[in-house]
Amino acid sequence: MYHLTHTQGRGPEFATVFDWRLAVSYTIRDLIVTPWMAGHRTSRDNKLKRVYYLSMEFLIGRILGDAIINLGLDHQMDEALESLGLNRTQILEDEPDAALGNGGLGRLAACFMESLSSLGVPAFGYGIRYEHGLFRQRFAAGQQVETPEDWLNQPHPWEFVRVDYSYTIGFKGEVETVDGHSVWLPGESVVARAYDTPVIGWQANWANTLRLWGAQPTNLFDLHRFNAGDYAAAAEPEALARTLSRVLYPDDTTDQGKELRLKQEYFLTSAALQDIIRRFVAEHGEDLAHLPDKVAIQLNDTHPAIAGPELIRLLMDEHDLPFAQSLDLARRTLNYTNHTLLPEALERWSIWLMGHVLPRHLQIIRMIDEDHRKSTGRPANVSIIDHDEVRMGELAFIMAGKVNGVSALHTDLVRSTVFADLHKLHPDRIVNLTNGVTPRRWLRMSNPPLARLLDKTIGTGWTGDLDLLKGLAPYADDGGFLDELRAAKRQNKVALSNGLLADLGINADPEAIFDVQVKRMHEYKRQLLNILETIALWHRIHESPNGDWTPRLKIFGGKAAPGYWTAKTIIHLINDVAKTINDDPVTSQFLKIAYPPNYNVSMAEKLIPAADLSEQISTAGKEASGTGNMKFTMNGALTIGTLDGANVEIRELVGPDNFFLFGLTAAEAETEKAKPGHARAAIEKSDDMKIALQLIAEGRFGRPEHYYALLDRTWNDDPFLVASDFDSYYRCQRSVDSAYADHGHWDRMSALNIASSGFFSSDRTIRGYMETIWHV
Ligand SMILES: [N-]=[N+]=N[C@]1([C@H](N)O)O[C@H](CO)[C@@H](O)[C@H](O)[C@H]1O
């Protein structure tokens, strides 16, 4: 009531849901600033070493619900809202998602920030305060249409503006030599202003800062031009500057390559490094020789890899340290995480563009390259500059103390493929740190029915120490427990069914298998394999409508990068197939498809707890890790998947009997892919796939001409081996049907998946980074 009155300036009789939500948010925020300030003082006063996580993406989602959980106030808040006659769900769902990321990489950064605070590790996250996050997705005639996301078109209660922490970021211009020193004279510049969001940890013992940079013009406004009536020109400086933090590039695992993207990457990196050095000097004095003792920096993929040259520039040009010392200090401070092997995702900037936008950095990159060549005996294929391009992967590797992959299989492939030559030169540099997810948001907050059952069965300790879920294993043979487990899952399925009916008009049977594939649309994730199997099943049901079919609801969710034509065609196909199948009176009792638009963090929090089956069906060797797979497992869904990314470790821990495995291994996939005509050969052998492709070509799902190019690509190219894995996948799905029919067996498998998911907590991952990379 205090904040409604004094912060919102509203009486309850006039208050909107927005006013109440802000009042609740400020009330919770008040309780966070205390541990936040205490944590900062403790770090400063004890001269603690800090971790700095640099990422172009932080896929945070909503903040209020998570903050209430971490403060342990969920029950009190329920009572308070009830006593005021307010609807909890309505209040929480009024908050827009902070969609400052594309997919797994961005969400991982958000989970890491929460675990760093939950473990009480002094840390800062550095990112960009995009005015527009990932675009909103809607469907028009089954096709994806993008509209701008606008989370900041209303006051945002979770940020504090820090005008005193502003840094000038230069671009372009030229480099002069004065008294033997290189001096960069930027041609243009902007100001990076800090916006801080506290990240509270479990049980509110600690809170770290997520510092997001917003771009401001160096000179606000050209008054002379304004007075001359040239209003547009007068506003130009501001417009230009703000483009830097205007919008997130919507590409997931694809190199953008645009000048503005490079400028965004440098904007983030330079502001972060200037802020880090200011804090170090303020707390430890001018002698930067001790920087690596107090600062550990993690580069989230190559997007902030310009940090190597930028840190050297700051140390050399602004703190007068010699190149060799600057290089050494930078290497002992920086670390790099690789998140993908896909060639089109590895960033390469043309020498021209790098020299144009960052002339001083290109000079330093050449010095780093030369130093590395000299110190490693000039081997081939490891140079940063290659064929007039600056290879950011090589730059990040050469400038890093440690390089890590994000799953055991992925790290092996990083050593044997993309960085094989550098690995030979630096055999101890690459380490593995399998991804993880925070159990606070992805279990305790998203799945109250299961959380209550866990609390009752093994106590509440699991939220802070997920390994305690092992205590559940004995209950896998306890019928009473399994019934309650099934009841909890059913509660979530009923809630989701009601949502699907209300939003999409789809009547979902909670008894059906809720088979869920939610992730970005990409050919290597093989949503195409899933929808082709669905068509083949539909055809089979039509052939024997009285057969003993296990009802199934296929749920899809995911956005395609706006320029990714094939991914958009697959979205269109899924919606066209859904239309035909959902309207089919013969099969609708056995098979339905739902594709809710605008999949995001908040939707994942609803879908994952209601899932029975988790689709992790990427071509083996292509998905570096996956993190959705981990969220489904800890929420009791069983996985159908390939031996790819972290699926391998999930299967090892839950046991092969509790995982539905199919498909080629990464090595077999490489061999198969090399065979000419592998697709046509596989399709000719598979009646089910052939019929599925035929039905599309015949126009059973919308206008066939929309899919001729996709059909041609599948028959003649099929780069991700959909055809080669089809029959194995189809057979595996049928074994899922029979397993699901035996409730006791299914629930036992579900219980064992939950019991074995402790390893996939991001707390375990962060502890790994602390021990093997950051030494904090
Ligand atoms: N970029 N990128 N990489 C990804 C994801 N697409 O964001 O990073 C994620 C986080 O490491 C991985 O789980 C996922 O497999 C990988 O493809």
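In this chain, residues are counted from 1 in sequence order. In listed order, ligands and their atoms are each counted from 1.
- Looking at K525 and Q517, their side chains never bring a donor and an acceptor atom within 3.5 Å of each other.
- For ligand 1, the polar-atom distance check against T340 finds no nitrogen or oxygen pair separated by under 3.5 Å.
- Remark: among candidates L105, N629, D644, the nearest residue to atom 7 (O) of ligand 1 is L105, based on non-hydrogen atoms.
- H361 and Y266 have perpendicular rings, their planes meeting at more than 60° on a 0 to 90° scale where under 30° would count as parallel.
- Annotation: G626 places an N or O atom under 3.5 Å from an N or O atom of ligand 1; distance criterion only.
- Salt bridge annotation for R526-D725: present, with a cationic side-chain nitrogen under 4.0 angstrom from a carboxylate oxygen.
- Those atoms of ligand 1 with a heavy atom of Y524 less than 4.0 angstrom away are 17 (O).
- Using bins of under 30°, 30° to 60° and over 60° for the plane-to-plane angle, the ring pair Y126/W213 lands in the parallel bin.
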Next item on the list: Start with the C-alpha gap between H426 and F419, add the side-chain angles, then the distance that decides, and say whether ring-ring contact (aromatic ring centres under 6.0 Å, His included) holds.
Entry: CA-CA 10 Å; H426 310 282; F419 291 128; over 10 Å; no

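- Ranking the protein heavy atoms by distance from atom 1 (N) of ligand 1 puts T253 CG2, 3.3 Å first.
- Scanning the protein for heavy atoms near atom 6 (N) of ligand 1, the closest one is D252 OD2, 3.1 Å.
- Aromatic ring orientation, F556 versus Y595: tilted (interplanar angle from 30° to 60°).
- Backbone and side-chain nitrogen or oxygen atoms of E623 are examined, and one is located within less than 3.5 angstrom of a nitrogen or oxygen of ligand 1.
- For R136, the CZ atom is loosely surrounded, since the number of other residues' heavy atoms within 6.0 Å does not exceed 12.
- Counting atoms of ligand 1 from 1 in the listed order, those under 4.0 Å from a heavy atom of N435 are 10 (C), 11 (O), 13 (O).
- Distances between N or O atoms of A624 and those of ligand 1 include at least one value under 3.5 Å.
- When only non-hydrogen protein atoms are considered, atom 4 (C) of ligand 1 lies nearest to H339 O, 3.7 Å.
- Distances between N or O atoms of K525 and those of ligand 1 include no value under 3.5 Å.
- Side-chain N or O atoms of E149 include one that pairs as donor or acceptor with a backbone N or O of G133 at under 3.5 Å.
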